[in-house]
There are 2 protein chains.
Amino acid sequence: MDISALREANPEHWMKAGAIRALTLDAVAAANSGHSGMPMGMADVATVLFEKHLSFDPKNPNWPDRDRFILSAGHGSMLIYSLLYLTGYEAMTLDQIKNFRQMGAITAGHPEYGHVPGVETTTGPLGQGISNAVGFAMAEEILRARFGKKVVDHYTYVIAGDGCLMEGISQEAIGLAGKQELSKLIVFWDNNNITIDGTVELSDKTNQVMRFKASGWHVQEVDGHDPEAIDAAIEAAKKTKKPSMIACKTHIALGSSAQDTSKGHGALTDPELIKNAKEAYGWPQEPFTVPADVKAQWEAMGGRGAEARAEWEARFATLSQGRQKEFNRVFAGEAPKKLTATIKALKKQISEEQPKVATRAASQKVLDAVNPIMTETVGGSADLTGSNNTKSGDMEMFDPSNRKGRYVYYGIREHGMAAAMNGLALHGGLRSYGGTFLCFTDYARGAMRLSALMGVPTTYVMTHDSIGVGEDGPTHQPIEHVAMLRATPNMNVFRPADTVETAEAWEIALTAQDTPSTLVLTRQGLPTVRTEHKNKNLTAQGAYVLADAEGKREVILMATGSEVSVAMAARDILQAEGIGTRVVSMPCWELFEQQDEAYRKRVLPGGPVRVAVEAAARQGWDRWLCGERGKYNKAAFVGMESFGASAPAGVLFEHFGITAENVAQKAKELL
Amino acid sequence: MDISALREANPEHWMKAGAIRALTLDAVAAANSGHSGMPMGMADVATVLFEKHLSFDPKNPNWPDRDRFILSAGHGSMLIYSLLYLTGYEAMTLDQIKNFRQMGAITAGHPEYGHVPGVETTTGPLGQGISNAVGFAMAEEILRARFGKKVVDHYTYVIAGDGCLMEGISQEAIGLAGKQELSKLIVFWDNNNITIDGTVELSDKTNQVMRFKASGWHVQEVDGHDPEAIDAAIEAAKKTKKPSMIACKTHIALGSSAQDTSKGHGALTDPELIKNAKEAYGWPQEPFTVPADVKAQWEAMGGRGAEARAEWEARFATLSQGRQKEFNRVFAGEAPKKLTATIKALKKQISEEQPKVATRAASQKVLDAVNPIMTETVGGSADLTGSNNTKSGDMEMFDPSNRKGRYVYYGIREHGMAAAMNGLALHGGLRSYGGTFLCFTDYARGAMRLSALMGVPTTYVMTHDSIGVGEDGPTHQPIEHVAMLRATPNMNVFRPADTVETAEAWEIALTAQDTPSTLVLTRQGLPTVRTEHKNKNLTAQGAYVLADAEGKREVILMATGSEVSVAMAARDILQAEGIGTRVVSMPCWELFEQQDEAYRKRVLPGGPVRVAVEAAARQGWDRWLCGERGKYNKAAFVGMESFGASAPAGVLFEHFGITAENVAQKAKELL
């Protein structure tokens with residue numbers, strides 16, 4: 001393609017966009033890996049967006065009322081790194097660009113949240129960014145309703161590729177955004193018709209314009225290399241009352257010999273190709289060069305945002321002291337002071353009343369106490385509100401007609417929900433939680449992993465946590481799910497035994513700063529095992545002695561969740577026979593691992609026989625059964641060795657041998 | 001709603017459909033759990049389908065050329081159980097209906113493949129059935145192209161609900177089916193506007209008609225209670241050259257006091273409600289009653305299929321003996337006799353040549369050898385063909401213009417791919433495999449778990465299996481994924497160390513009858529460690545001694561995949577210092593667990609220090625480190641304790657200490 005017409009039509013724009021293209025070519029060549037074609041194709045759109053529309057201040061990257069820019073097509077990371085360098089984000093030096101994809105550089109292969117200011121969310125796994133963006137846009141609506149337009153009033157912009165739109169999660173995001181009429185969400189689709197395997201037609205013939213319209217979006221189609229058309233489309237998108245998709249017809253790897261090919265999607269490292277492309281661009285050959293006048297024009301772009309920020313600060317100062325403090329508190333992610341007292345009071349009440357309730361109902365009880373004093377929470381469920389017990393009495397539905405609502409009906413969209421929860425939390429000012437059945441963690445894993453990787457303190461409320469599900473059968477009975485969550489780095493997995501532990505788990509989850517939590521909760525009723533009130537949050541230690549042996553300590557029973565009461569009943573059997581038995585409740589392995597060795601040894605001393613009981617796969621338990629560093633213990637596990645079955649819960653626990661009698665028997669066999 | 005007009009319009013149809021409604025009410029009431037409303041709403045559609053269109057033979061439920069009927073909205077399981085009972089499937093007795101959702105009954109909470117003939121796939125997790133159906137319909141196309149229309153010519157019918165269509169996976173299925181022009185796929189959408197949380201509008205306003213049309217589907221809208229309109233729509237759907245969606249406007253829980261409410265979605269057990277509904281239906285009150293004339297009409301329906309089957313058998317008999325034999329072989333899932341010899345020859349060649357290649361490239365080498373002699377394989381990738389190395393040289397693209405093609409460009413749709421792979425395999429006559437990056441197992445988990453639960457011998461080719469991914473960074477570097485696959489019951493997880501083990505793993509995967517396999521393969525090159533040829537498939541034992549200690553056995557190093565060569569190099573270091581060191585390669589834990597205790601003890605005897613090395617999470621390794629039943633060993637693990645980073649692979653292995661030096665050091669510290 002002859003690109004001279006593009007150059008000539010708008011020489012100034014051309015050079016600005018050229019800076020992105022040239023930096024991308026150079027960085028990918030230096031790294032000998034990466035994706036050149038996408039930044040080269042979308043450089044014009046990004047330039048117009050940053051120059052004419054995006055409200056951002058490189059000197060204050062985390063200014064709360066900035067527009068959010070999300071590169072959903074994260075493999076094109078050099079696009080955003082170029083933009084951050086060019087506009088003058090301090091952290092994004094030219095050296096960082098030169099060290100693209102190298103150890104210790106902030107210019108990771110895919111944009112990583114927390115590594116570099118200006119990257120609002122980690123992207124790369126396709127479809128996540130556009131789905132996070134739904135959460136960002138919901139957050140803006142909620143906070144605008146709460147704090148007023150003068151301090152919250154910004155847009156969420158997304159660049160998504162064909163891959164993002166082919167992933168199923170995008171449909172969940174599109175449907176939710178359409179229903180919620182998120183008019184300040186603007187998505188650019190990089191319509192280049194190329195995937196890794198070849199043209200999009202190899203695998204898809206979807207009319208994306210029609211698809212977005214079907215879900216209530218405003219859609220425009222533009223030439224993605226025509227700056228005026230792009231500008232006009234953004235203007236129009238800002239004016240509609242619907243979420244907006246701008247289909248940008250682009251050429252991947254524009255102006256290079258790999259243009260419009262799947263080769264152009266990947267790393268263009270051939271020196272000849274780079275030389276020719278730069279020639280076609282009218283760009284200096286010297287790597288990592290940006291002419292001073294071009295750099296100056298880019299740096300000037302942040303000026304609009306800096307002004308806007310200064311004006312915002314003046315407006316913010318007009319808020320009452322109380323409102324300012326509240327705004328600052330929620331953006332800092334600090335829990336209200338009352339939280340601890342509220343949790344303690346609830347624990348005390350429960351230890352006295354000793355109700356027999358499912359931990360999902362216990363969770364509701366906590367939310368009923370906590371949500372009214374912690375208005376930054378945004379709850380929801382993937383169409384299982386009554387089953388997940390996620391809607392506290394005070395919560396209203398979030399809806400176009402009620403932007404102060406804090407409860408989201410996410411629909412049957414576990415993956416989209418989890419990604420939106422990430423967005424809600426990443427935006428700042430809110431804490432998100434959402435529920436589904438634990439088994440359907442399978443549908444949400446892609447986004448849950450990113451919560452952990454980013455360190456976003458979202459809370460997953462995963463109910464119906466074992467064969468206790470009963471009649472719904474093996475498709476709905478988790479076996480491996482607790483193990484898979486525990487195997488995930490930086491994810492606190494709580495499986496509380498009763499309402500007291502549930503309250504403690506929630507307290508930890510709601511005060512976490514950089515770790516997501518998963519609450520693994522029962523469908524079936526459980527007795528209260530924490531019958532003696534303690535102010536201290538014992539769950540924060542991960543595991544603790546719930547009941548110690550009477551007499552010589554011969555057996556340690558370890559359990560979580562619904563099996564703690566099984567272990568307690570097994571202890572009764574053993575103690576009745578004179579066998580001293582300790583029960584250790586282990587609601588959160590991750591936190592137990594973080595305790596010092598002395599504490600861990602006090603809870604799990606060497607010597608006694610150990611039996612663990614959990615209505616789940618054994619994987620991971622050997623660590624506690626064998627003792628750390630291989631210390632010898634006779635040990636057994638009582639749990640699941642197969643998928644479950646369809647029958648009433650009580651029948652299943654008997655059938656699979658997860659009973660007090662069996663646990664006691666196993667212990668005696670080892671003595 | 002007054003249903004008398006419906007009753008009067010077509011009294012005979014009404015009574016047939018009434019049988020489904022009444023059985024559903026009675027079974028759910030008896031179980032005191034389940035979902036009444038969906039079968040009550042879709043009874044008319046199902047009756048017309050079974051009476052006028054579905055080609056099925058209750059006496060020969062597995063007749064290869066039957067039409068497939070898939071209840072994607074699996075919670076409405078009483079719909080299919082009623083249909084199977086009414087039409088006379090022998091296994092589906094009235095007692096089974098009476099024992100709905102009870103231990104040992106085939107009438108599980110959700111339809112379970114393998115429990116009962118007539119259930120083509122396990123459904124319940126929403127969106128899976130419609131996505132399996134894409135695989136079923138592709139299988140029909142491929143086998144028709146191969147064996148001819150006279151022996152393969154049938155339809156795939158699906159009932160999907162709002163939940164199925166809201167799940168993202170459905171978009172992947174819709175897109176793929178549209179692109180592939182699967183004209184024999186006919187989906188009924190149970191358009192009842194009700195979800196568990198309330199009306200669909202709570203969370204979605206998508207125009208489904210427009211959405212399906214956008215992906216190239218033929219769409220009709222009918223009154224789902226008008227038998228003539230339903231019949232006409234099915235006729236029209238059969239005639240189009242596109243996949244077809246029939247939007248059936250229905251009333252959930254029709255004719256009961258819970259009609260059109262979310263209460264109607266669940267278990268209707270109120271005796272008064274049931275009494276009144278039966279009265280409105282003009283149905284006997286006695287539970288589990290079907291008037292003899294109505295039952296006789298239902299049983300007669302199978303007659304059309306029985307005739308069709310008899311005619312099919314006559315046509316089948318006209319095939320040559322060789323074609324018949326081949327047809328029967330592939331439908332029995334038997335590998336061709338040549339497979340073993342082919343694998344052996346390849347192993348021998350590799351042990352001699354000792355190439356240094358990535359195991360993903362090794363996998364391609366195996367496929368290049370195997371696919372030409374095993375024409376029942378259908379391969380594919382989620383847009384990573386060149387990276388997953390899944391397309392062997394002989395494979396052509398499956399496409400509307402080439403139905404003999406066996407390679408599917410699934411697009412960027414991991415979940416839809418996995419579900420379609422299940423469908424391809426469940427249909428019979430084909431073996432499916434498909435690839436993506438191991439990290440994106442996260443996107444496919446929902447369907448992969450169902451492979452395991454159903455016992456479908458699909459093969460997942462998961463490449464880029466560790467920090468060896470390198471520069472793409474932590475979003476693309478699996479840590480917990482091997483653990484989570486191993487925690488899943490009935491999933492063989494292979495992490496081969498070189499081309500020989502890769503060939504052995506493929507041999508097991510391609511001959512498996514009721515277990516899916518996941519091949520976990522490297523991006524980076526690995527040396528050949530199996531340098532001495534053995535005819536025997538050592539991987540089939542799960543773990544084996546790759547190199548024994550010279551001198552006194554003081555250390556056992558255990559490893560999988562890319563870390564086996566690390567362990568071998570560590571052994572060199574230790575042996576050089578006179579420390580006798582055994583290396584155990586453990587390519588498949590599941591198969592090792594199935595070996596007898598004597599073998600396991602021979603491979604991993606008590607006594608020596610044990611060090612395990614795997615570039616992944618530790619979870620699960622303690623089982624082998626501590627020894628079974630807590631036998632004492634000094635032990636250490638070398639692997640990942642966090643997410644990865646973005647840098648060249650070699651740098652990362654050094655950074656995270658996954659090196660021969662570190663492994664040797666750890667062993668020495670324990671001695």
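Residue numbers begin at 1 in each chain, while the letters A, B, ... track the order of the sequences.
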Considering only heavy atoms, which portion of Ser77(A) lies under 4.5 Å from any heavy atom of chain B: side chain, backbone, both, or neither?
neither
Partner chain A: residue of [options] with the largest heavy-atom pair count (under 4.5 Å):
{"options": "Glu414(B), Met640(B), Met166(B)", "result": "Met166(B)"}
{"options": "Ser642(B), Pro125(B), Ser203(B), Gly446(B)", "result": "Ser203(B)"}
{"options": "Ala645(B), Ala617(B), Ala616(B), Pro648(B)", "result": "Pro648(B)"}
{"options": "Glu172(B), Arg449(B), His115(B), Lys213(B)", "result": "Arg449(B)"}
{"options": "Ala214(B), Ala647(B), Gly168(B)", "result": "Ala214(B)"}
{"options": "Asp383(B), Thr206(B), Ile196(B)", "result": "Asp383(B)"}

Go through the atoms of [X] and report whether side chain, backbone, both or neither lie under 4.5 Å from a heavy atom of chain A.
{"X": "Thr385(B)", "value": "both"}
{"X": "Leu485(B)", "value": "neither"}
{"X": "Phe440(B)", "value": "side chain"}
{"X": "Ser170(B)", "value": "neither"}
{"X": "His481(B)", "value": "side chain"}
{"X": "Glu593(B)", "value": "neither"}
{"X": "Cys164(B)", "value": "neither"}
{"X": "Leu450(B)", "value": "side chain"}
{"X": "Pro478(B)", "value": "backbone"}

Picking from [options], which has the most non-hydrogen pairs under 4.5 angstrom with chain B?
{"options": "Thr441(A), Leu384(A), Leu652(A)", "answer": "Leu384(A)"}
{"options": "Ala636(A), Gly163(A), Ala447(A)", "answer": "Gly163(A)"}
{"options": "Gln180(A), His75(A), His476(A), Lys391(A)", "answer": "His476(A)"}
{"options": "Lys205(A), Arg413(A), His35(A)", "answer": "Arg413(A)"}
{"options": "Glu201(A), Glu641(A), Met448(A), Met397(A)", "answer": "Glu201(A)"}
{"options": "Ala173(A), Pro489(A), Gly109(A)", "answer": "Pro489(A)"}

Is [Y] close to [X] at the side-chain level, that is, under 4.5 Å between some pair of heavy atoms?
{"X": "Trp621(B)", "Y": "Asp622(A)", "value": "no"}
{"X": "Leu165(A)", "Y": "Gln208(A)", "value": "yes"}
{"X": "Ile194(A)", "Y": "Val200(A)", "value": "no"}
{"X": "His110(A)", "Y": "Thr122(A)", "value": "no"}
{"X": "Thr195(A)", "Y": "Ser262(A)", "value": "no"}

Are there residues of residues 99-106 of chain B whose heavy atoms fall under 4.5 Å of chain A's heavy atoms? If so, which?
Arg101(B), Gln102(B), Met103(B)
Going by an N to O cut-off under 4.0 Å, is there a salt bridge joining [X] and [Y]?
{"X": "Arg445(B)", "Y": "Asp442(A)", "value": "yes"}
{"X": "Lys179(B)", "Y": "Asp399(B)", "value": "yes"}
{"X": "Arg486(A)", "Y": "Glu480(B)", "value": "no"}

Determine whether a donor-acceptor pair (N or O, by modelled atom type, separation under 3.5 Å) exists between the side chain of [X] and the backbone of [Y].
{"X": "Asn207(B)", "Y": "Val209(B)", "result": "yes"}
{"X": "Thr488(A)", "Y": "Met484(A)", "result": "yes"}
{"X": "Glu181(A)", "Y": "Pro400(A)", "result": "no"}
{"X": "Tyr443(B)", "Y": "Gly416(B)", "result": "no"}

I would like to know whether Tyr407(B) and Thr390(B) meet side chain to side chain donor-acceptor pair (under 3.5 Å); could you show each step before the answer?
CA-CA 9 Å; Tyr407(B) 191 81; Thr390(B) 33; 2.8 Å; yes
Can the ring centres of His415(B) and His415(A) be said to be less than 6.0 Å apart?
no
Residues passing the salt bridge (charged side-chain N to carboxylate O under 4.0 Å, His left out) test with Arg211(B), sequence neighbours excluded, are none
Who pairs with Glu471(B) by salt bridge (charged side-chain N to carboxylate O under 4.0 Å, His left out), at least two apart in sequence or on another chain?
Arg523(B)
Listed by chain and number, what are the ring pair (Phe, Tyr, Trp, His ring centres under 6.0 Å) partners of Trp217(A), not counting sequence neighbours?
Phe212(A)
